[in-house]
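Below is one structure; the comments refer to it alone.
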Amino acid sequence: MPDVKFATLSGGHAVVSQASVEGFREALHGLSLLPGDAGYDRVRRVWNAMVDKRPALIARCSGTADVINSVNFARENGLLISVRGGGHNFPGNSVCDDGLMIDLSLMTGVRVDPANRTARAQGGTKWGAFDHETQAFGLAAPGGTDPDTGIAGLTLGGGIGWLSGSHGLSCDNLISADVVTSDGRMLTASADENSDLLWGLRGGGGNFGVVTSFEYRLHPVGPTVLAGYLVYPYRKAREWFARLEEFTAGMPDAMNIVAFLATLPEGGEKVCRVLLCYYGPIEEGERVMRPLRELGPPLSDEVRPMTYAEAQALALAAPGRRNYLKSHFLSQVSAAVADINLDFFDRATSPLSGVLFQYLGNAARRLPATATAFGQRGALCQWAANAVFLDPGESEIHVRWVREFASALSPFSSGPYVNHVNAGSAEGAADMQAGFGVNFERLAALQRRYDPANLFSPDYNRRPGVHGPEAGRVPVS
């Protein structure tokens with residue numbers, strides 16, 4: 001094996017000797033992959049096919065010791081790093097070109113403590129596996145709405161899901177975490193130990209270190225919930241928007257919804273869809289959702305009792321497609337917002353593309369803005385436009401549609417969802433500051449304390465004036 005050329009934090013490249021690289025690889029208890037090795041292409045690829053980055057070396061960690069060795073190797077050589085958890089992050093932050101990719105996808109252990117209603121899961125765990133373990137005891141933590149999403153990236157950026165109405169965001173239910181910091185130490189962040197770090201991990205992004213395990217508070221959920229899709233004709237879209245605004249104003253804690261503008265795969269008909277989940281007595285859920293059904297006979301009504309795990313899989317997104325997404329948090333879905341959405345969706349450039357309104361849920365909105373690092377407590381919902389397509393040659397037209405769409409809605413926005421931002425540019429860095437809101441300066445100070453070398457300066461970077469190659473590209477996703 002020859003010497004290896006790596007990208008560096010400073011934006012350049014450095015050559016690391018064969019002996020140093022081999023020494024690092026031999027010290028790993030897990031696996032390591034160089035370009036050309038069997039499995040390299042499979043591991044570097046993530047859910048979003050638009051991401052096509054090639055690390056100089058992939059460290060497939062088997063545990064915390066491997067993570068510590070990887071962080072030390074990167075720091076000692078000044079290397080650009082990325083950290084892969086579930087690999088479902090839209091901008092593809094978990095992979096870097098020419099750097100060291102620290103891959104946690106082999107670290108998927110989950111241990112449930114049913115007596116204390118807590119669970120600890122390793123950093124490579126996905127929500128589907130987490131729910132499988134906790135539901136064996138009739139318990140759950142607020143997670144996302146796609147079982148293929150990693151617990152790490154979702155939690156570190158916030159985490160909106162079906163249980164957010166009663167129990168808050170994923171980050172609100174994080175009670176401790178083990179973190180490998182840039183100096184190679186393993187710290188525990190909890191209410192009693194490094195509590196400022198725990199505050200930052202609750203929605204503040206992933207650039208304080210590599211989180212190797214997460215401990216969550218659990219809640220009794222299921223086994224049966226009322227969930228499913230209601231699909232309405234697109235000609236009723238304005239009435240649909242008005243009914244959603246009225247419905248969500250009085251929505252109970254046990255209910256949460258995601259609303260979509262989408263195109264049906266069969267026949268190409270544009271439609272309005274509501275995906276809902278109510279966890280409580282089924283009869284009560286039927287009563288609560290009645291105003292949505294009274295909008296008129298839906299094209300289809302797939303709402304039914306099902307297991308919580310089934311409900312979690314209803315929004316499963318197909319891997320291997322090209323996705324380009326931008327998001328805003330909105331305090332109101334006004335008539336003006338509806339008009340902009342209908343205007344742009346009428347001109348959608350791909351039949352696979354869609355628009356979503358993911359509601360935060362009541363409990364998530366009740367916490368003060370500074371209770372955790374998540375900066376959008378005043379929002380009603382997260383809006384996102386996602387261009388989905390297959391042909392890479394069409395990228396320009398689809399990306400333009402999303403960017404122009406997001407720009408038109410920006411006057412109504414309090415900021416983007418940080419899990420959807422690539423801050424490797426000046427535009428992205430500004431978006432990130434808006435996303436963290438009033439918590440930005442405290443997070444910047446926290447980053448300087450726990451990562452003085454700026455090793456974990458990812459697309460969550462908060463150093464004033466630092467972006468692009470100087471920022472690095474690193475969060476767990």
Side-chain angles (χ1 to χ4, degrees), residues 46-53 88-95 144-146 149 153 157-158 160 234 237 241 258-265 268 270-273 315 317-330 333 336-358 376 379 381-435 459 467 473 477:
V46 289
W47 168 83
N48 185 1
M50 204 160 179
V51 178
D52 186 24
K53 300 177 184 177
H88 207 286
N89 172 266
F90 275 89
N93 297 321
S94 60
V95 193
T145 54
D146 186 332
T149 305
I160 310 167
Y234 191 61
F241 270 115
V258 184
F260 301 87
L261 298 176
T263 302
L264 294 178
K270 284 184 166 62
V271 295
C272 308
R273 306 171 78 189
R321 295 176 173 181
R322 302 177 70 82
N323 292 262
Y324 184 82
L325 178 145
K326 280 189 174 292
S327 69
H328 290 303
F329 278 104
L330 307 174
V333 183
V337 167
D339 287 343
I340 292 170
N341 275 272
L342 295 176
D343 175 45
F344 273 89
F345 191 61
D346 284 341
R347 297 182 279 120
T349 53
S350 167
L352 299 174
S353 298
V355 184
L356 70 80
F357 298 81
Q358 184 174 34
Q376 298 292 333
C381 64
Q382 176 218 172
W383 166 92
N386 184 23
V388 185
F389 54 102
L390 303 176
D391 184 352
E394 298 176 355
S395 295
E396 183 178 352
I397 186 173
H398 302 311
V399 167
R400 184 187 308 120
W401 176 74
V402 171
R403 287 179 173 171
E404 291 177 356
F405 199 165
S407 178
L409 272 180
S410 62
F412 304 91
S413 170
S414 58
Y417 191 12
V418 297
N419 278 343
H420 295 156
V421 174
N422 183 335
S425 66
E427 175 192 10
D431 285 346
M432 193 63 69
Q433 183 163 354
D459 299 77
H467 53 79
R473 291 176 288 279
S477 66

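Remember, predicted model here, so these are calculated numbers, not experimental data.
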Closest non-hydrogen atom pair between [X] and [Y], with its separation:
X      : Y      : value
Ala336 : Phe412 : CB-CZ, 3.9 Å
Met50  : Val399 : CE-CG2, 3.7 Å
Asn419 : Pro91  : O-CD, 3.9 Å
Val95  : Lys53  : O-CD, 3.0 Å
Asn323 : Arg321 : ND2-O, 3.1 Å
Val402 : Ala387 : CG2-CB, 3.5 Å

Does [X] reach the side chain of [Y], with side-chain heavy atoms less than 4.5 Å apart?
X      : Y      : result
Phe345 : Ser353 : no
Phe357 : Leu330 : yes
Pro416 : Phe329 : no
Leu352 : Leu390 : yes
Leu261 : Phe241 : yes
His398 : Thr349 : yes
Glu394 : Arg322 : no
Val355 : Phe405 : yes

Can you tell me how far the [atom1] atom of [X] sits from the [atom2] atom of [Y], to the nearest 0.5 Å?
X      : Y      : atom1 : atom2 : answer
Leu264 : Arg273 : CG    : CZ    : 7.0 Å
Phe344 : Asp339 : CZ    : CG    : 12.5 Å
Lys326 : Leu409 : NZ    : CG    : 12.5 Å
Trp383 : Asn341 : CH2   : CG    : 6.5 Å
Tyr417 : Ser327 : OH    : OG    : 9.0 Å

Look at the side chain of Ser410 and the backbone N and O of Ser407, then say whether any donor-acceptor pair between them is shorter than 3.5 Å. yes
Any side-chain to backbone donor/acceptor pair from Asn89 onto Ser94? Under 3.5 Å, distance only.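 It does not hold such a pair.
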In terms of relative ring orientation, are Trp47 and Phe90 parallel, tilted or perpendicular, with 30° and 60° separating the classes? perpendicular
Carefully, step by step, assess Cys272 and Phe260 under the rule side-chain contact (heavy atoms from CB on, under 4.5 Å). CA-CA 6 Å; Cys272 308; Phe260 301 87; over 6 Å; no
Knowing that exactly one of Gln358, Gln376, His328 qualifies, which makes a side chain to side chain donor-acceptor pair (under 3.5 Å) with Gln382? Gln358
